[in-house]
Amino acid sequence: MSIVESLQEAVVKQLTALYTGPFAAADFQVNQTKEEFEGDYTIVLFSLLKKTGKNPVDLGQQLGEALLAAEPDFFNGFNVIKGFLNLSIQDHYWQKLLSDNYEKDDFGKQQANGKRVMVEYSSPNTNKPLHLGHLRNNFLGWSVAEMLKACGNEVFKSCIVNDRGIHICKSMIAWQMFAEGETPATQQEKGDHFVGDYYVKFNDEYKRQIEELVQDGMEKAVAEKEAPIMKATQQMLLKWEAGDGEVMDLWRRMNSWVYEGFNETYKKIGSDFDKTYYESNTYLLGKKIVEEGLGKGVFEQEADNSVWIDLTADGLDRKIVQRRDGTSVYITQDIGLAQVKYEEYKIDRNIYVIGDEQNYHMKVLRLIAQKLGLPNADNIYHLSYGMVELPSGKMKSREGTVVDADDLVAEMVATAKQHTEELGKVKDFTEDELAHLYETLGLGAMKFYLLRVDPKKKMVFNPQESIDFHGFTGPFVQYTYARIKSILRKEAATNETLESTPLLRLEKSILVSLEQFPAVIQQAAAELNPSVIAIYVFNLAKAFNSFYTVHSVANAETAEKKQLRLRLAVMTANVLKSGMQLLGIQMPERM
RNA sequence: GGUUCGGUAGCUCAGCUGGAUAGAGCAUCAGCCUUCUAAGCUGAGGGUCAUUGGUUCGAAUCCAAUCCGGAUCACCA
């Protein structure tokens, strides 16, 4: 049980004994005591005045005395200031916490709870390479999965590859028109970038054709539909759904180039999946479900054969689920996938990590699943995250302002290299060790940067200013860890029983922080919010830094103090490491 | 226009289930390396918490209105 929970329980017990209840933990707040006051935790009394019929000072005094009398082993003292009851916890409580847990590398993690959760993330289109927005998605999804695991869930990471559809055909058409047989191999280019280039070429040509038609007197809206390259693309999609051999061959070939590129990127950034789904498989089931839904009367068919669902009663609109030419739209395959996921994994929660631009889409998906009576419908949860924007606004591929994922990773690793060389602390490292260190630091900086912000909120990334290595950053936490490890290479903690020694302020501030780690994991997982962990880990690192610049570990005042501080060092290192692990960030032993 | 999310220091962000004098980091300025790694530590300046009204003993936090910005409302994905 956490300290806060123990406090709540103790306070409720004493309130019930002193006054006429009933009382519950929700009746009052327990806060960490502010620096400027004496105490560890504070009970805010105002909300209890009415029920107890007391004034704040009397209530605080009575409650404080009762708590101290009832649990003298736990409480060390109290003071009342205005409406706040500040309580101090006995030093030996903190020291026991340390002795019991300092060597546990699973501190803060929970037992299996039997729940099965799927986290779908990444979900790329196979027509262009990954960009900065995908990185936020990948880091978020991976981290959320880790946090849920730490809370005892069995987690399955999944990825839906949007490998078919009109957008893929665009790259294919452009390749047919302009490539003259070039491949990633002949161009010495990463496959996803190679295919992405043709997606850009499509749009250039499309724009050119529209202009040409408009100049010949056609309305712009008509020209957009009549442009030959667009018509050819639509033809190709039809052929694709019909299984045309030539089209399928080209599709397989180009997708394989993209997969090769993606795999390289995923490997680099540490994204992995327990299951990869392909839209080219799931869309057929979607179509089947649409057919069944028509029979059930959930969907309705227009005279032109297109199929719709009417969600106006739910405050939304009419939504198309199948085009008049019989081809499926984006949401069709999602319906199929929702069913497949449940059938294969019998999951209790079905989390989708998808940008907030798709809030409406996900609302529709959930509603459709519910109306169809899919078994998993109510468990669909959209983890909606904000877009990553540039100082100039949204990233726009047309304006060439998209920050490419591979480029950014390479830049971060190069920056890590530059900093490391300037500092010159690891000159004895081998080439391999150096390369590994640069990746650890570069990726650590980038992941931390993208995860330290509340996922729900959009965030701004300034490519002009490279991601920092100082302050509230990944490398700051990594550096703290490396320095602790440096101490622990010279001095080891022993298991002997320690005499209790009075805790210094800076020692206790670390212990208070360490004690909160389990609660922090739970909160982060409940909110599906890695920034909670990032903020925590930063504060813990800061507390340790402040502590050990003032107090020596190796040359502590007494043998007891030395052991106490070594244990503090061990436990802080452990917690920093497992906290960062939840963010997908590795820790260097030296840097 | 409908729906929806947001507006906190020069910049990027915490704080939002109401509680003590609104916090970090960056940037700026002033200090600290013969002593466990200075990617560090200590300190200073910097705020009409978009605006107005309401609820409350108490509001950055809750409610309403207004202003500003984003997303979305495709036979695109």
Side-chain angles (χ1 to χ4, degrees), chain A residues 26 29 31 33-34 36-37 42 44-47 49-50 56 81-84 86 123 125 127 162 164-168 170 234 279 302 304-308 315-325 327-331 333-334 355-361 363-364 384 386-387 389 391 393-394 416 419-420 422-423 425-426 441 445 449 452-454 456-462 465 468-480 482-491 531-532 534-535 538-539 541-542 545-556 565 569 590-591:
Chain A
Q29 275 187 30
N31 297 338
T33 303
K34 294 210 161 207
E36 53 267 41
F37 302 101
T42 296
V44 183
L45 300 167
F46 298 103
S47 55
L49 301 184
K50 229 176 242 173
I81 297 171
K82 293 202 262 177
F84 302 91
N86 302 318
S123 308
N125 292 349
N127 61 339
N162 301 114
R164 47 138 263 127
I166 194 88
H167 54 295
I168 313 296
K170 288 177 181 175
Q234 282 159 350
E279 185 183 341
E302 298 267 301
D304 66 0
N305 267 335
S306 58
V307 181
W308 297 74
L316 305 177
D317 304 275
R318 256 165 65 87
K319 189 89 188 163
I320 192 160
V321 294
Q322 192 166 296
R323 296 191 188 93
R324 68 171 166 232
D325 62 8
T327 57
S328 68
V329 293
Y330 180 46
I331 203 156
Q333 66 90 17
D334 270 328
D356 61 9
E357 57 190 356
Q358 298 201 38
N359 285 352
Y360 182 78
H361 170 83
K363 212 186 253 182
V364 169
S384 166
M387 298 288 103
E389 293 180 1
K394 264 195 99 170
H419 284 307
T420 305
E422 278 167 12
L423 292 168
K425 295 176 179 179
V426 287
L441 296 178
Y449 182 87
R452 70 181 198 185
V453 179
D454 186 334
K456 287 193 294 293
K457 298 197 178 171
K458 68 177 187 201
M459 61 184 293
V460 176
F461 172 80
N462 190 345
E465 308 162 11
D468 224 308
F469 279 58
H470 304 269
F472 183 22
T473 67
F476 173 93
V477 181
Q478 290 171 319
Y479 179 66
T480 306
R483 286 193 64 180
I484 294 176
K485 284 295 173 167
S486 170
I487 295 172
L488 294 175
R489 272 191 295 274
K490 294 165 190 149
E491 304 279 350
S531 77
V532 172
I535 291 165
F538 170 64
N539 283 326
K542 223 170 27 163
N545 283 337
S546 299
F547 156 73
Y548 86 136
T549 43
V550 181
H551 305 294
S552 174
V553 175
N555 301 312
R565 288 177 189 171
R590 286 180 57 194
M591 65 185 272

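All of these numbers come straight from a predicted model, not from anything done at the bench. Lettering of chains follows the sequences in order, A, B, ..., and the numbering in each one begins at 1.
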Legend entry - Residues that A:Gln478 engages under side chain to side chain contact (heavy atoms under 4.5 Å, CB included), provided they are two or more places apart: A:Thr440, A:Leu441, A:Pro475, A:Met580, A:Ile585, A:Met587, A:Pro588, A:Met591
Inset, instruction - Answer with base, sugar-phosphate or nothing: what part of the nucleic acid does A:Asp334 contact at a heavy-atom distance below 4.0 Å? - result: nothing
Legend entry - All side chain to side chain contact (heavy atoms under 4.5 Å, CB included) counterparts of A:Phe37, not counting sequence neighbours: A:Thr33, A:Lys34, A:Ile81, A:Asn86
Inset, instruction - Treating a pair as Watson-Crick (purine N1 to pyrimidine N3 plus N6-O4 or O6-N4) or G-U wobble (N1-O2 and O6-N3) with both distances under 3.5 Å, list the stems of 3 or more consecutive pairs that involve RNA chain B. - result: B:1-7 with B:67-73, B:10-13 with B:23-26, B:28-32 with B:40-44, B:50-54 with B:62-66
Legend entry - salt bridge (Lys or Arg N to Asp or Glu O under 4.0 Å) against A:Lys456, all qualifying residues, sequence neighbours excluded: A:Asp454
Inset, instruction - Applying side chain to side chain donor-acceptor pair (under 3.5 Å), name anything that partners A:Arg452, two or more places apart in sequence or on another chain. - result: none
Inset, instruction - Taking atom P in both B:U4 and B:C63, compute the distance separating them and give it to the nearest angstrom. - result: 13 Å
Inset, instruction - Spell out protein contact along nucleotides 71-77 of chain B as letters: B when the base is contacted, S when just the sugar-phosphate is, - when no protein heavy atom is under 4.0 Å; keep the 5' to 3' order. - result: SSS-BSB
Inset, instruction - With the side chain counted from C-beta on, respond yes when A:Tyr360 and A:Leu316 share a heavy-atom pair under 4.5 Å apart, and no when they do not. - result: yes
Legend entry - P-based separation of B:A77 from B:A64 [nearest Å]: 38 Å
Legend entry - Phosphate contact (B:G25 OP1 or OP2) by A:His470 side-chain N/O below 4.0 Å: no
Inset, instruction - Ignoring the backbone of A:Ile81, work out which of B:G70, B:A20, B:G19 is nearest its side chain. - result: B:A20
Legend entry - Contact under 4.0 Å: A:Lys490 side-chain N or O vs B:U37 OP1/OP2: yes
Inset, instruction - Looking at every strand, decide which applies to A:Ala482 at a 4.0 Å heavy-atom threshold: base, sugar-phosphate, or nothing. - result: base
Inset, instruction - For nucleotides B:C5 and B:A65, find the distance between their P atoms and express it as a whole number of Å. - result: 14 Å
Inset, instruction - Please work out if A:Thr480 contacts a base, only the sugar-phosphate, or nothing of the nucleic acid, heavy-atom cut-off 4.0 Å. - result: nothing
Legend entry - Same-atom distance (P) from B:A9 to B:C49, integer angstrom: 10 Å
Legend entry - Along RNA chain B (nearest heavy atom to each residue), the more 5'-positioned of A:Asn539 and A:Phe84: A:Phe84
Inset, instruction - Using the P atom on both, measure B:U28 against B:G70 and round to a whole Å. - result: 31 Å
Inset, instruction - Pick the P atom in B:G18 and in B:U12, then give their distance to the nearest Å. - result: 29 Å
Inset, instruction - Would you mind classifying the nucleic acid contact of A:Ser47 as base, sugar-phosphate or nothing, using non-hydrogen atoms under 4.0 angstrom? - result: base
Inset, instruction - Please identify each residue that fulfils salt bridge (Lys or Arg N to Asp or Glu O under 4.0 Å) with A:Asp356, with sequence neighbours left out. - result: none
Inset, instruction - Identify whether any heavy atom of A:Leu441 sits under 4.0 Å from a base atom; if not, whether one sits that close to sugar-phosphate; answer base, sugar-phosphate or nothing. - result: base
Legend entry - Nearest-Å distance once atom P is located in both B:C57 and B:U42: 41 Å
Legend entry - Residues in side chain to side chain contact (heavy atoms under 4.5 Å, CB included) contact with A:Lys394, at least two apart in sequence or another chain: A:Glu357, A:Glu389
Legend entry - Parallel, tilted or perpendicular: ring planes of A:Phe538 versus A:Phe472, cut at 30 and 60 degrees: tilted
Legend entry - A:Ser546 side-chain proximity, nearest of B:U42, B:A20, B:C36: B:U42
Inset, instruction - Sugar-phosphate means primed atoms, P, OP1 and OP2; the rest is base. With that split, encode nucleotides 7-12 of chain B 5' to 3' as B, S or - using protein heavy atoms under 4.0 Å. - result: -----S
Legend entry - Contacts of type ring pair (Phe, Tyr, Trp, His ring centres under 6.0 Å), residue A:Tyr330, not counting sequence neighbours: A:His361
Legend entry - P atoms of B:G45 and B:A24, separation to the nearest Å: 12 Å
Legend entry - Pair of N/O donor and acceptor under 3.5 Å linking B:A20 base with A:Thr42 side chain: yes
Legend entry - Carboxylate-amine/guanidinium contact A:Glu302 A:Arg318, below 4.0 Å: yes
Legend entry - All ring pair (Phe, Tyr, Trp, His ring centres under 6.0 Å) counterparts of A:Phe84, not counting sequence neighbours: A:Phe46
Inset, instruction - Would you please name every residue forming a salt bridge (Lys or Arg N to Asp or Glu O under 4.0 Å) with A:Glu36, sequence neighbours left out? - result: none
